[in-house]
Amino acid sequence: MHEMAVTEDILRIVTEHAQQAGASRVTDIYLVIGEMASFVDDSIQFYFDALAPGTLAEGATLHFHRIPTRFRCRHCETEFAPTGRDWLCPTCGALGGDVIAGKEFYVESIEVAEAEE
Ligand SMILES: [Zn+2]
């Protein structure tokens, strides 16, 4: 996964929403990132700091909300959270399953400052 392209997407989404809301600037950006989405918070912060100046999002604080991984066993439909490298179903011992949470990546919300009249 490429954090720079992802950060550009975040910035585009955020500044579009801020413009539509008539905001003068974005103060906070809340991101949801699944554990399995291999984005590194520090890298996103790094690219954000590099790309945000000159946009409405300059100086905004990034908040990262990590969603833990959850699997659903294909054999017995037990839902479970894999621990470390142990991805065995705790009920029947089958390996892995369908990922039902942990791949999320989206902008949950933003906070903006109103444009001054
Ligand atoms: Zn199972």
Side-chain angles (χ1 to χ4, degrees):
M1 290 297 186
H2 203 292
E3 277 90 352
M4 182 168 172
V6 159
T7 308
E8 284 173 345
D9 280 348
I10 294 168
L11 209 49
R12 182 176 46 75
I13 292 165
V14 164
T15 51
E16 276 175 13
H17 280 274
Q19 272 165 2
Q20 282 166 13
S24 60
R25 67 190 182 88
V26 179
T27 57
D28 296 273
I29 301 169
Y30 295 87
L31 300 170
V32 172
I33 307 180
E35 243 174 28
M36 290 185 83
S38 55
F39 300 117
V40 180
D41 299 4
D42 286 351
S43 296
I44 292 175
Q45 183 73 61
F46 173 82
Y47 287 116
F48 183 81
D49 290 344
L51 296 168
T55 74
L56 288 176
E58 180 171 356
T61 305
L62 295 181
H63 303 268
F64 297 96
H65 178 201
R66 285 276 172 183
I67 304 280
T69 305
R70 283 190 74 75
F71 286 159
R72 184 189 291 119
C73 178
R74 291 196 184 104
H75 294 272
C76 68
E77 305 211 329
T78 296
E79 293 181 9
F80 63 99
T83 52
R85 295 187 180 282
D86 182 10
W87 289 7
L88 299 179
C89 171
T91 303
C92 72
L95 177 63
D98 296 318
V99 177
I100 55 174
K103 285 185 165 177
E104 298 81 355
F105 182 77
Y106 56 91
V107 179
E108 186 172 45
S109 61
I110 63 174
E111 286 177 22
V112 298
E114 298 289 325
E116 287 177 28
E117 294 294 324

- Hey, which of D98, L95, V99 is the one that makes side-chain contact (heavy atoms from CB on, under 4.5 Å) with F71? V99
- Query: About how many Å separate CZ of R72 and CD of E79, when rounded to the nearest 0.5 Å?
  - Reply: 5.0 Å
- Message: Which residue in the set D41, D42, D49 passes side-chain hydrogen bond (donor to acceptor under 3.5 Å, both in side chains) when paired with Q45?
- Response: D49
- Going through the distances and angles, do L62 and I44 end up as a side chain to side chain contact (heavy atoms under 4.5 Å, CB included)? CA-CA 9 Å; L62 295 181; I44 292 175; 4.2 Å; yes
- Exam field: side chain T27 to backbone A60, donor-acceptor pair closer than 3.5 Å: no
- Query: How many angstroms lie between OG1 in T55 and CZ in R25, if you round to the nearest 0.5 Å?
  - Reply: 12.0 Å
- Would a 4.5 Å heavy-atom cut-off, applied to side chains only, mark I67 and I33 as touching? no
- Query: If only atom types and distance count, is the side chain of Q20 paired as donor or acceptor with the main-chain N or O of A18 below 3.5 Å?
  - Reply: no
- State yes or no: do V107 and V32 share one hydrophobic cluster built from I, L, V, M, F, W and Y residues joined by side-chain heavy-atom distances below 4.5 Å, directly or via other members? no
- Contact check, side chains of E111 and Y30, non-hydrogen atoms, under 4.5 Å: yes
- Query: What do the steps show when you test F39 against V6 for side chain to side chain contact (heavy atoms under 4.5 Å, CB included), and what is the final call?
  - Reply: CA-CA 9 Å; F39 300 117; V6 159; 3.3 Å; yes
- Message: Side chains of Y47 and E8 only: does a donor on one sit below 3.5 Å from an acceptor on the other?
- Response: no
- Message: Any heavy-atom pair between the side chains of F48 and T61 that's under 4.5 Å?
- Response: no
- Can you tell me how far the CD1 atom of I110 sits from the CG atom of L31, to the nearest 0.5 Å? 11.0 Å
- R12 side chain reached by D9 side chain, heavy atoms, under 4.5 Å: yes
- Just wondering, do V26 and T15 contact through their side chains at under 4.5 Å, heavy atoms? no
- Message: Just verifying a value: how many Å separate E16 CD and L11 CG, rounded to the nearest 0.5 Å?
- Response: 10.5 Å
- Task: Would you give the length of the straight line joining atom OH of Y106 to atom NE2 of H65, rounded to the nearest 0.5 angstrom?
- Result: 8.0 Å
- Message: Rounded at 0.5 Å granularity, tell me how far CG in L56 sits from NE2 in H17.
- Response: 13.0 Å
- Answer yes when E35 and R66 have at least one side-chain N-carboxylate O distance shorter than 4.0 Å, and no when they do not. no
- Could you please spell out the steps behind the side chain to side chain contact (heavy atoms under 4.5 Å, CB included) verdict for F64 and I29? CA-CA 9 Å; F64 297 96; I29 301 169; over 6 Å; no
- Query: Would a distance-only check, ignoring hydrogens and angles, find a side-chain to backbone donor-acceptor pair under 3.5 Å from E77 to C73?
  - Reply: no
- Item | Crowding at CZ, R70 (>12 non-hydrogen neighbours, <6.0 Å) | yes
